[in-house]
Protein chains: 2
Amino acid sequence: MDNNKMETGGHGNGGASSGGERKRGIDRVIMLLEALLKRREPARVGDIAKMINAPRSTTYEIVNSLLEAEMLENVGSEGHVYFGRAMHLFGWAYGHHNAHYRRVIENMEAMGAETGETAQLCGLRGNKYVVLDCRDSPGPFRISSDVGVEVPVPWTASGRLLLGHMTDDEIRAFIPREDYRLPDGRVIAESDFLAEIAEARVRGYSETSGLADRFTWCMAAPIPDARGIVSHTLCFVLPVDTPIGRREELLALLRERARSLSLSGN
Amino acid sequence: MDNNKMETGGHGNGGASSGGERKRGIDRVIMLLEALLKRREPARVGDIAKMINAPRSTTYEIVNSLLEAEMLENVGSEGHVYFGRAMHLFGWAYGHHNAHYRRVIENMEAMGAETGETAQLCGLRGNKYVVLDCRDSPGPFRISSDVGVEVPVPWTASGRLLLGHMTDDEIRAFIPREDYRLPDGRVIAESDFLAEIAEARVRGYSETSGLADRFTWCMAAPIPDARGIVSHTLCFVLPVDTPIGRREELLALLRERARSLSLSGN
DNA sequence: GCGATTTGTCTGATATTTCAGACGATATAT
DNA sequence: ATATATCGTCTGAAATATCAGACAAATCGC
């Protein structure tokens with residue numbers, strides 16, 4: 001009945017797919033957690049079994065182990081489970097062990113607080129763009145985004161910076177063709193994309209608008225790591241109609257902060 | 001050499017120890033992550049193998065799987081590994097799926113920002129107290145604490161609230177004897193501890209000083225869950241010499257905020 | 001109310017994964 | 001420079017964790 005497993009590429013375990021092979025517990029755990037992350041809401045064991053293509057009995061076994069370790073926890077009274085407290089602690093440890101990363105986050109939060117705009121820290125996860133952390137603008141109607149949701153790289157301003165260290169051929173190999181198709185159906189020409197990456201590299205920033213959606217203006221500035229590779233970016237996500245003066249002001253702030261966080265020479 | 005397996009109650013696997021039995025991959029993963037959390041810094045594979053009592057070859061296998069999934073990541077160039085980005089994303093998802101938890105965190109941050117004091121969100125993890133999140137006071141010398149570090153319950157103000165739903169016998173069974181011994185060698189009498197829990201329950205807050213260390217004054221207020229059980233507390237950690245007027249002011253704020261976050265009746 | 005689906009738990013068999021140990025290469029110490 | 005310890009990778013064999021399926025109880029749908 002179902003044959004089109006067309007795994008689009010994804011990072012990490014890659015393949016997944018396939019039907020009834022016996023799989024290792026660890027791999028199932030990894031798939032389970034990633035599936036929950038994608039789904040972004042609690043799931044029942046039966047659903048999880050389907051999501052990761054595992055036998056129900058095995059899934060129960062695994063889920064129970066993870067529950068006991070508090071890596072998952074029960075949500076509600078309908079047998080739903082979601083990430084548990086242990087995950088919070090592990091994640092916190094990740095975010096704090098590294099003084100540089102901590103400074104980056106603090107800066108992002110400060111920028112958000114000072115300007116009242118939505119500020120984000122972004123990076124690559126596999127061949128997708130993800131928001132690693134964010135500081136949403138206040139107010140009843142706000143532009144916000146979920147941390148951890150994977151988005152095709154060509155849809156984003158940050159993406160143009162994050163690929164800056166690759167050659168054109170590498171980029172061509174890296175980005176799946178379908179990722180050039182925007183949500184509204186338009187398709188970005190690969191050559192344009194490559195040109196924009198080159199331009200972002202020399203300018204030291206990138207701006208886009210009307211790509212992933214119609215109502216945002218995104219600006220991103222690179223935070224190169226010690227080797228000079230842009231592993232993270234700092235961004236503002238503004239309403240499209242933000243006046244140009246304000247935009248220039250914010251861009252200047254963004255670039256200055258990102259530069260101060262750079263680990264490469266200067 | 002080691003014979004006291006006295007499972008003290010703790011959560012999850014607890015003891016670790018034991019000799020050369022064959023263990024399941026999942027369990028090894030859980031032990032590995034908890035060991036890394038306790039250690040609070042990157043470790044080499046060889047060290048990890050020792051920490052979790054696993055054969056080296058197995059440990060390599062597991063670590064490599066987790067690295068590929070970005071649940072761990074390489075740190076430095078000496079073969080150290082620590083939590084990876086995926087953990088950050090999972091932890092973020094944990095912290096945001098639940099509107100109530102999100103409100104609690106926001107409140108804690110606001111309290112920290114408004115007062116300039118160290119504010120914490122605390123809870124139980126197994127039979128130990130842990131800081132679940134915190135907002136450290138600014139300034140060059142600050143009182144701060146690490147999220148996720150487990151501390152004996154009797155050393156803390158929050159602990160006296162978090163056990164409020166238990167009977168004396170349950171508490172006696174729950175808290176290991178050795179947890180009544182403070183870092184400086186003094187021992188809290190069990191009867192005193194029980195009395196303080198009862199007192200905290202009727203007063204609706206708890207204060208301690210000079211327990212876990214000599215220089216802090218801690219105050220905690222309960223956040224009951226829907227069943228009325230105090231699953232979390234909000235705390236301030238102040239310098240001991242904070243004047244009483246200021247302390248009262250902060251305590252009032254703390255109690256008011258905690259009450260507003262309560263899920264039980266009112 | 002009754003049939004259909006789903007849930008959570010068990011069981012036994014076997015395909016797999018863990019484990020011990022060996023190996024050369026690399027670091028650390030004397 | 002030589003000895004010692006550790007690193008990272010492989011291998012075969014044995015122990016066992018995963019799997020399919022059965023089951024009763026709970027839930028759903030109408």
Side-chain angles (χ1 to χ4, degrees), chain A residues 1-2 5 12-36 39 41-82 84, chain B residues 12-13 15-36 39 41-82 84:
Chain A
M1 292 306 160
D2 62 334
K5 285 287 173 49
N13 56 331
S17 70
S18 79
E21 264 118 72
R22 196 178 168 125
K23 283 240 164 67
R24 196 164 56 151
I26 297 193
D27 295 326
R28 299 240 111 116
V29 168
I30 292 169
M31 288 183 206
L32 190 162
L33 296 174
E34 303 225 318
L36 265 188
R39 176 183 241 259
E41 60 181 43
R44 265 173 301 160
V45 182
D47 301 326
I48 293 177
K50 280 178 207 133
M51 293 192 290
I52 65 175
N53 266 294
R56 246 157 35 81
S57 52
T58 305
T59 310
Y60 271 102
E61 176 81 29
I62 291 174
V63 167
N64 286 333
S65 292
L66 295 179
L67 281 172
E68 199 183 354
E70 295 188 274
M71 288 177 62
L72 296 181
E73 73 183 22
N74 283 109
V75 176
S77 51
E78 306 263 292
H80 288 90
V81 298
Y82 202 56
Chain B
N13 54 329
S17 68
S18 82
E21 264 118 72
R22 194 181 167 124
K23 285 240 163 69
R24 197 162 57 148
I26 297 192
D27 295 326
R28 299 241 112 116
V29 168
I30 292 170
M31 288 184 208
L32 190 162
L33 296 174
E34 303 225 318
L36 221 41
R39 176 183 241 260
E41 61 181 44
R44 264 172 301 162
V45 183
D47 300 326
I48 294 177
K50 281 177 206 134
M51 294 192 291
I52 65 175
N53 265 296
R56 245 155 36 85
S57 52
T58 305
T59 309
Y60 271 102
E61 175 80 28
I62 292 174
V63 167
N64 285 333
S65 292
L66 296 179
L67 281 172
E68 200 183 353
E70 295 187 276
M71 289 177 60
L72 295 181
E73 72 183 23
N74 282 109
V75 176
S77 51
E78 306 263 292
H80 288 90
V81 299
Y82 202 54

To the nearest Å, give me how far apart [atom1] ([X]) and [atom2] ([N]) are.
X: Leu67(B); N: dC7(D); atom1: CG; atom2: P; value: 15 Å
X: Ile48(A); N: dG8(C); atom1: CD1; atom2: C1'; value: 14 Å
X: Arg24(A); N: dT17(C); atom1: CZ; atom2: C1'; value: 8 Å
X: Glu78(A); N: dA26(D); atom1: CD; atom2: P; value: 15 Å
X: Leu32(A); N: dT18(D); atom1: CG; atom2: C1'; value: 15 Å
X: Tyr60(A); N: dA22(D); atom1: OH; atom2: C1'; value: 15 Å
X: Asp27(B); N: dT18(D); atom1: CG; atom2: C1'; value: 14 Å
X: Asn53(B); N: dT18(C); atom1: CG; atom2: C1'; value: 15 Å

The side chain of [X] lies closest to which of these nucleotides: [options]?
X: Pro55(B); options: dA20(D), dG8(D), dC19(C); result: dC19(C)
X: Ser57(A); options: dC19(D), dT7(C), dC19(C); result: dC19(D)
X: Arg44(B); options: dC7(D), dT18(C), dT18(D); result: dC7(D)

Report yes if some heavy atom in the side chain of [X] is under 4.5 Å from a heavy atom in the side chain of [Y]; otherwise report no.
X: Ile48(B); Y: Ile62(B); result: no
X: Leu33(A); Y: Met71(B); result: yes
X: Leu66(B); Y: Val81(B); result: no

Between Arg28(B) and Asn53(B) (side chain of the first, backbone of the second, donor and acceptor by atom type, cut-off under 3.5 Å), is there such a pair? yes
May I ask you to evaluate whether Arg28(B) reaches the phosphate of dC19(C), defined as a side-chain N or O under 4.0 Å from OP1 or OP2?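 Yes, because at least one side-chain N or O of Arg28(B) sits under 4.0 Å from OP1 or OP2 of dC19(C).
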Between Arg56(B) and Ile26(A), just flag the one whose closest nucleotide in DNA chain C comes earlier from the 5' side.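 It is Ile26(A), whose closest nucleotide lies nearer the 5' terminus.
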